[in-house]
A.B. asks: 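Quick one: the structure is below, questions incoming.
Every chain is numbered from 1 and lettered A, B, ... according to where its sequence line falls, protein lines coming before strand lines.
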Number of protein chains: 2
Amino acid sequence: MINKLVENIKKTNAPVVVGLDPMLSYVPKFITDKAYAEYGETLEGAAEAIWQFNKGIVDATYDLIPAVKPQIAMYEQFGIPGLAAFKKTVDYCKEKGLVVIGDIKRGDIGSTSSAYAIGHVGKVQVGSKTYVPFDEDFVTVNPYLGTDGVKPFIDVCKETKKGIFVLVKTSNPSSGEFQDREVDGKPLYEIVGEMVDKWGKDHMGDDYSYVGAVVGATYPEMGKVLRDIMPKTYILVPGYGAQGGKAADLKPYFNEDGLGAIVNSSRGIICAYKQDTYGNFAEENYADASRAAVEYMIKDINSIF
Amino acid sequence: MINKLVENIKKTNAPVVVGLDPMLSYVPKFITDKAYAEYGETLEGAAEAIWQFNKGIVDATYDLIPAVKPQIAMYEQFGIPGLAAFKKTVDYCKEKGLVVIGDIKRGDIGSTSSAYAIGHVGKVQVGSKTYVPFDEDFVTVNPYLGTDGVKPFIDVCKETKKGIFVLVKTSNPSSGEFQDREVDGKPLYEIVGEMVDKWGKDHMGDDYSYVGAVVGATYPEMGKVLRDIMPKTYILVPGYGAQGGKAADLKPYFNEDGLGAIVNSSRGIICAYKQDTYGNFAEENYADASRAAVEYMIKDINSIF
């Protein structure tokens, strides 16, 4: 899947990923009205609304982008129906040829980490039958529990040729509380980065490893250091746009070949119709606004090369 | 809920929690046969099997114990039907008067952490209606993203009077890779422990905080230090039994009042029928074996006081 991700990026000339992180408040009224008319103001109604919202955005942008990153928390908050909408979104995006990065930030140990891996990027055995429960191409993984937590994901991914992105340095203001603490003369995130590089050597694609890293756009000087520590690692970069990261700051995350990083934008794309930046779009045309925002973002990111 | 947890522990005189972490291989054949006969060898069949397995164990032990800790990964691996079995298990345990600790180890930032909190220990708004999607009493939270990741959980928990257990020092062999790294002359887990103490002061029950900590049974000397750093924090202790933690090692996790800690056992209880320790139980009597194992565990833990 890392090869497919690289291929999709080359094909679209767009090192960007659209974050499908729908809040109900993002969904235009004509969509929620229709969903509630059919399912009532229920969890099923909310799930239908976010699914229809997503579908509109995917239909309007899939030809421009290599990948999407649905954030499972936004679906999980609507319970089982919400998670069914997550699955529907994953499946639909894959049908459209997109690489799907499940932003699930799971992490546990041993057989428990295996179970998460099986559920999201693996296969589960039931009697004599095999099933693929959620079927993302990549998932994000939290490294706080160490190798015991990450290795089971890699083992499952080796079988299915799927991959992970390990949280190294996150984009949020308080990420430094633990991640920046100095250990043996260097910050903890560098030590995690070294481990990602090591884990990745064990599961390589053609040019890049199946073990990627998450490094926030909001810390470009750290991005530069981590790029050097993890030369074969694809870096998933959140924090562009709404969180304050600028295109000019993103150069250090890329390798000389213009590859090695993929930049996420969520609100900036899926809520584009609420902003003036891309022209005045009516609610009904929210998906066109998302397309305009994607086009703008691709141009903006590519301006750094 | 921290008050109810303390009350349940006093009532049962059992500072133990049963980890409901079912693997299909744990489920006796007579249960899977029945489930597959009804639903086929499908995800629904697997989910039915683990739900029936859980129900048997809960029915056989609920009067002895204060709390259960279902591990969501074990359900998530069976996709949507598995997660529905998780919800059914949570609801059933609550009906039986048990405190339910959802072992979900979630952690993200801002509105995303809020969404997880809303889904598991909060309420979600859909139009004019409000729903409680998963309804655990506590959830486990990963602190790697710092205060931005933890605070949204606490905010939601304040409204619902529910709580969290923050991963501080986990029970697995490689937990030290990052958690033990020395920062300003002390290991990272102590710094996380200090933050847990600080976060907890903001959300106190009668005697203990709603912000608990996870500290593995396998590191008793660290348990002692963390007990002192977090005097008002309930400590959830995994790693007893199958992972090698012994009762004699657990004293440092408790306060003078015999409270302040709750010890988890998963495989040791739910797979008791596969062991010789509690007598020879036939598969049909797996739940009786679990009851015997719980009785043994309570006696074992209480022997340290």
Side-chain angles (χ1 to χ4, degrees), chain A residues 21 23-24 32 36 41-43 45-46 71 73-74 76-80 82-84 87 105-113 115-116 118-119 124-129 131 133-134 142-149 167 170 172-179 181-184 188 191-192 195, chain B residues 21 23-24 32 36 41-43 45-46 71 73-74 76-80 82-84 87 105-113 115-116 118-119 124 126-129 131 133-134 142-149 167 170-179 181-184 188 191-192 195:
Chain A
D21 310 357
M23 305 271 278
L24 260 188
T32 48
Y36 296 164
E41 288 179 341
T42 59
L43 295 177
Q71 166 53 261
M74 296 306 174
E76 205 164 317
Q77 69 180 328
F78 298 110
I80 303 291
L83 286 157
K87 181 167 168 46
K105 295 189 179 66
R106 302 300 195 247
D108 209 291
I109 56 170
S111 59
T112 311
S113 257
Y116 279 130
I118 285 168
V124 71
Q125 190 80 24
V126 181
S128 60
K129 304 276 175 57
Y131 295 93
F134 282 106
N142 187 310
Y144 187 65
L145 292 91
T147 299
D148 298 334
L167 304 186
T170 55
N172 56 306
S174 79
S175 67
E177 269 174 25
F178 307 128
Q179 297 166 25
R181 289 307 187 105
E182 202 166 295
V183 173
D184 299 337
L188 181 65
I191 300 192
V192 179
M195 291 299 288
Chain B
D21 310 357
M23 305 271 277
L24 260 188
T32 48
Y36 295 164
E41 288 180 341
T42 59
L43 295 177
Q71 166 53 261
M74 296 305 174
E76 205 163 316
Q77 69 180 328
F78 297 111
I80 303 291
L83 287 157
K87 182 168 168 44
K105 295 190 179 65
R106 303 298 195 248
D108 209 291
I109 56 170
S111 59
T112 311
S113 256
Y116 279 130
I118 285 168
V124 71
V126 181
S128 59
K129 304 275 175 58
Y131 296 92
F134 282 106
N142 187 310
Y144 187 66
L145 292 91
T147 299
D148 298 334
L167 304 187
T170 55
S171 57
N172 55 307
S174 78
S175 67
E177 269 175 25
F178 307 129
Q179 297 166 25
R181 289 307 186 105
E182 201 167 294
V183 173
D184 299 336
L188 181 66
I191 299 190
V192 179
M195 291 300 288

A.B. asks: With a 4.5 angstrom heavy-atom cut-off, could you sort out which part of B/Y116 is near chain A: side chain, backbone, both or neither?
C.D. replies: both
A.B. asks: Could you give me the CA-CA distance, side-chain angles and deciding distance for A/F134 and B/I80, then say whether side-chain contact (heavy atoms from CB on, under 4.5 Å) is met?
C.D. replies: CA-CA 8 Å; A/F134 282 106; B/I80 303 291; 3.9 Å; yes
A.B. asks: Mind ranking A/V126, A/L43, A/D21 by heavy-atom pairs under 4.5 Å with chain B and telling me who comes out on top?
C.D. replies: A/V126
A.B. asks: Relative to chain B, which segment of A/T32 carries a heavy atom at a distance below 4.5 Å: side chain, backbone, both, or neither?
C.D. replies: neither
A.B. asks: Name the option with the most non-hydrogen atom pairs under 4.5 Å to chain A; the candidates are B/T170, B/I109, B/N172.
C.D. replies: B/N172
A.B. asks: Do A/S111 and B/M74 touch side chain to side chain, with heavy atoms closer than 4.5 Å?
C.D. replies: yes
A.B. asks: Measure the spacing between CG of B/L24 and CD of A/Q125 and express it to the nearest 0.5 Å.
C.D. replies: 9.5 Å
A.B. asks: Drop me the distance from B/E182's CD to A/D184's CG, to the nearest 0.5 angstrom.
C.D. replies: 8.5 Å
A.B. asks: Can you tell which of B/I118, B/T112, B/V124, B/L145 has the highest number of heavy-atom pairs within less than 4.5 Å of chain A?
C.D. replies: B/L145
A.B. asks: Quick check against the 3.5 Å criterion: does A/Q179 have a side-chain atom that pairs as donor or acceptor with the backbone of B/Y144?
C.D. replies: yes
A.B. asks: Of the backbone (N, CA, C, O) and the side chain (C-beta and beyond), which part of A/S128 lies under 4.5 Å from a heavy atom of chain B, both, or neither?
C.D. replies: both
A.B. asks: At a 4.5 Å cut-off on heavy atoms, which part of B/L188 comes close to chain A: side chain, backbone, both, or neither?
C.D. replies: side chain
A.B. asks: Using a cut-off of under 4.5 Å for heavy-atom pairs, which of B/A84, B/P133, B/G149 has the most such pairs with chain A?
C.D. replies: B/P133
A.B. asks: If I measure from the heavy atoms of chain A, does B/V183 come under 4.5 Å with its side chain, its backbone, both, or neither?
C.D. replies: both
A.B. asks: Could you pull out all residues at least two apart from B/D108 that satisfy salt bridge (Lys or Arg N to Asp or Glu O under 4.0 Å)?
C.D. replies: A/K105
A.B. asks: Going by side chain to side chain contact (heavy atoms under 4.5 Å, CB included), name the residues that satisfy it together with B/T147, two or more places apart in sequence or in a different chain.
C.D. replies: A/S174, A/E177, B/K151, B/M195, B/W199
A.B. asks: Is it the backbone or the side chain of A/Y131 that comes under 4.5 Å from a heavy atom of chain B, or both, or neither?
C.D. replies: side chain
A.B. asks: B/A73 and A/A115: which non-hydrogen atoms are nearest, and at how many Å?
C.D. replies: O-CB, 3.4 Å
